[in-house]
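These notes concern the structure reproduced below.
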Protein chains: 2
Amino acid sequence: MLDATSTSEPIDAQALRRQVAAAVRQLRARSGQSLAELANAAAIGKSTLHAIESGDANPGIETLWALASALGVPFSDLLEPPSPAVRVTRRGDAPCVTDAESTMHAHLLTSMRHVARVEVYDLLLHPGPCRDADPHHAGTIEHVLVTAGRLRVGPSEATVELDTGDFASFPGDGQHRYEALVEDTRAVLTIEYP
Amino acid sequence: MLDATSTSEPIDAQALRRQVAAAVRQLRARSGQSLAELANAAAIGKSTLHAIESGDANPGIETLWALASALGVPFSDLLEPPSPAVRVTRRGDAPCVTDAESTMHAHLLTSMRHVARVEVYDLLLHPGPCRDADPHHAGTIEHVLVTAGRLRVGPSEATVELDTGDFASFPGDGQHRYEALVEDTRAVLTIEYP
DNA sequence: ACGAACTGTCCGTTGTAGCGAACGATCGTG
DNA sequence: CACGATCGTTCGCTACAACGGACAGTTCGT
């Protein structure tokens with residue numbers, strides 16, 4: 001019901017510029033490109049890119065689109081702050097919706113918008129580490145709800161421990177782990193492909 | 001190395017302008033605002049808004065942000081084409097995937113393509129009938145995996161009984177029912193909005 | 001040590017995004 | 001029918017986004 005589209009939204013123009021600046025700098029650093037290289041790849045001026053990265057420019061959407069294309073990321077990655085590595089919702093923390101007769105209690109765990117594909121898995125795990133054989137496509141996000149037992153999940157460098165009823169979301173395009181901590185651990189896995 | 005992030009992307013600047021133009025026109029029409037009203041609400045010039053809606057402008061991100069705010073939609077709604085019609089491809093059986101060490105058994109329950117929004121709920125139900133108060137938008141589909149207890153679900157005229165571990169999908173835009181048959185029935189509900 | 005080839009930053013110029021004001025079109029109302 | 005009100009449109013004007021080129025601070029080879 002309640003939308004609450006996302007997290008911290010830029011409120012003023014200043015914050016918006018800083019957000020774009022930070023995103024571009026970070027993405028360019030990740031790709032290892034130099035300022036001139038990226039400017040050339042995106043077919044924009046070096047000074048233009050510099051101004052954007054410095055936060056003292058209000059780039060047009062065409063310029064920004066060229067940048068996003070050259071960086072190989074969707075448009076919104078430049079405009080919205082990156083989501084944290086792992087988002088955990090502990091049992092009971094999620095907003096609860098109850099019907100009139102109070103026969104049903106629904107906890108909204110997550111909401112995905114504009115996704116191309118979603119898969120839902122029923123997971124049964126035995127204790128022991130289990131690394132995903134094939135890393136998924138860039139941009140995939142995994143959502144895990146533990147329905148029985150205890151589970152350690154997340155990106156390899158930042159795993160979290162979930163109890164029964166806990167929920168977590170994390171990027172699935174990098175190295176990540178699933179490790180049941182007790183016998184007969186069960187979970188529902190929802191994979192979100194961009 | 002070409003992106004191919006998602007669906008139909010604007011390839012050139014021309015298409016991008018037309019996309020933004022169409023989105024703004026449509027959203028403004030939906031909100032019932034006049035051009036002058038929206039321009040005033042977004043604190044931008046009427047002529048600016050007209051140019052954007054006509055597709056002969058390359059608006060800056062600040063202008064576009066102000067527009068998205070005034071329209072009450074996330075930024076990306078103006079830049080990415082609206083999600084195409086829903087086409088649900090349901091997999092009847094649940095193929096089982098097992099990793100090398102046999103510590104994890106994953107059953108693919110369903111796969112949704114090209115959906116605009118997906119919500120995941122953790123459900124706790126007490127025995128007794130429970131009719132959904134507000135029927136969802138046309139085209140929504142609900143997917144239910146019972147993780148504990150027994151549950152009777154489905155469209156009011158065709159409910160089915162699910163045991164623990166069973167999974168079902170059914171349209172959620174009509175009259176439908178949730179009824180736990182035993183105490184402490186739990187389920188994971190995935191709602192798929194077109 | 002010395003260029004050569006880079007890095008990112010700072011100018012001068014130009015095209016245009018964005019603005020307010022003026023414009024004709026359309027619609028009710030006295 | 002004439003009138004004000006509102007619709008979307010068009011027209012200069014100004015500010016600035018975007019450009020190429022010049023600039024200083026690096027890491028390379030030889």
Side-chain angles (χ1 to χ4, degrees), chain A residues 10-73 75-80, chain B residues 10-73 75-80:
Chain A
I11 39 174
D12 54 357
Q14 196 77 2
L16 181 59
R17 291 187 180 199
R18 273 188 277 110
Q19 158 57 30
V20 173
V24 172
R25 283 204 110 99
Q26 181 176 340
L27 286 170
R28 180 169 68 85
R30 178 200 291 180
S31 74
Q33 287 179 308
S34 79
L35 190 145
E37 278 176 330
L38 178 57
N40 195 23
I44 66 175
K46 291 187 300 178
S47 51
T48 304
L49 179 53
H50 172 67
I52 293 175
E53 287 193 349
S54 303
D56 33 311
N58 170 32
I61 56 172
E62 294 179 3
T63 302
L64 213 56
W65 176 266
L67 261 180
S69 273
L71 286 167
V73 298
F75 212 119
S76 46
D77 278 21
L78 302 180
L79 299 165
E80 288 155 19
Chain B
I11 39 174
D12 54 357
Q14 195 76 4
L16 181 58
R17 291 186 179 199
R18 275 190 274 110
Q19 158 57 30
V20 173
V24 172
R25 283 204 109 99
Q26 181 177 341
L27 287 170
R28 180 169 69 84
R30 179 200 293 179
S31 74
Q33 286 178 309
S34 79
L35 189 145
E37 279 176 329
L38 178 57
N40 196 22
I44 66 175
K46 290 190 301 179
S47 52
T48 303
L49 179 54
H50 171 67
I52 293 174
E53 287 192 349
S54 303
D56 30 301
N58 169 32
I61 57 172
E62 294 179 4
T63 302
L64 213 57
W65 176 267
L67 260 180
S69 273
L71 285 167
V73 298
F75 212 119
S76 46
D77 279 20
L78 302 180
L79 299 165
E80 288 156 17

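Order of the sequence lines sets the chain letters (A, B, ...), proteins ahead of strands, with each chain counted from 1. No hydrogens, no waters, no symmetry mates; every other heavy atom, side chains included, goes into these values.
- Within 4.0 Å of A:Ala43, counting heavy atoms only, lie sugar-phosphate atoms of the nucleic acid but no base atom.
- The interatomic distance linking A:Asn58 (CG) with D:dA15 (C1') rounds to 12 Å, in whole Å.
- B:Asp56 places its CG atom 9 Å from the P atom of C:dA17, with the value rounded to the nearest Å.
- Remark: C1' of D:dG20 and CG of A:Asn40 are 13 Å apart, rounded to the nearest angstrom.
- Judged by distance alone, with hydrogens and angles left aside, the side-chain atoms of B:Thr63 form no donor-acceptor pair with the main-chain N or O of B:Pro59 at under 3.5 Å.
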Determine, step by step, whether B:Leu49 and B:Leu67 satisfy the side-chain contact (heavy atoms from CB on, under 4.5 Å) criterion, reporting the C-alpha distance in whole Å, the side-chain angles of both residues, the deciding distance to 0.1 Å, and the verdict. CA-CA 9 Å; B:Leu49 179 54; B:Leu67 260 180; 4.0 Å; yes

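- At a threshold of 4.0 Å, the pair B:Arg28-B:Glu37 does not count as salt-bridged, since none of the basic side-chain nitrogens sits closer than that to a carboxylate oxygen.
- When atom types are taken as modelled, the side chain of B:Asn58 and the backbone of B:Arg17 share no donor-acceptor pair closer than 3.5 angstrom.
- Contact between the side-chain N/O atoms of A:Arg17 and the OP1/OP2 oxygens of D:dA17 is found at a separation under 4.0 Å.
- Taking atom CD1 of residue A:Ile52 and atom P of nucleotide D:dA17, one finds them 10 Å apart after rounding to whole Å.
- Between A:Thr48 and D:dC19 there is a side-chain polar atom (N or O) within less than 4.0 angstrom of OP1 or OP2.
- Atom C1' of nucleotide C:dT16 and atom CD of A:Glu62 are separated by 11 Å, given to the nearest angstrom.
- If you take CD1 of B:Ile61 and P of C:dG18, they are 11 Å apart, rounded to a whole angstrom.
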For every nucleotide of nucleotides 4-11 of chain C, 5' to 3': is a protein heavy atom under 4.0 Å from its base (B), only from its sugar-phosphate (S), or from neither (-)? ---SSBBB

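- Side-chain contact between B:Leu79 and B:Gln19 is absent, with no heavy-atom pair separated by less than 4.5 Å.
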Under the side-chain contact (heavy atoms from CB on, under 4.5 Å) rule, what do B:Ile44 and B:Leu38 come out as? Steps first, then yes or no, please. CA-CA 9 Å; B:Ile44 66 175; B:Leu38 178 57; over 6 Å; no

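- Atom-to-atom, CG of B:Leu49 to C1' of D:dG8 comes out at 10 Å; the value is rounded to the nearest Å.
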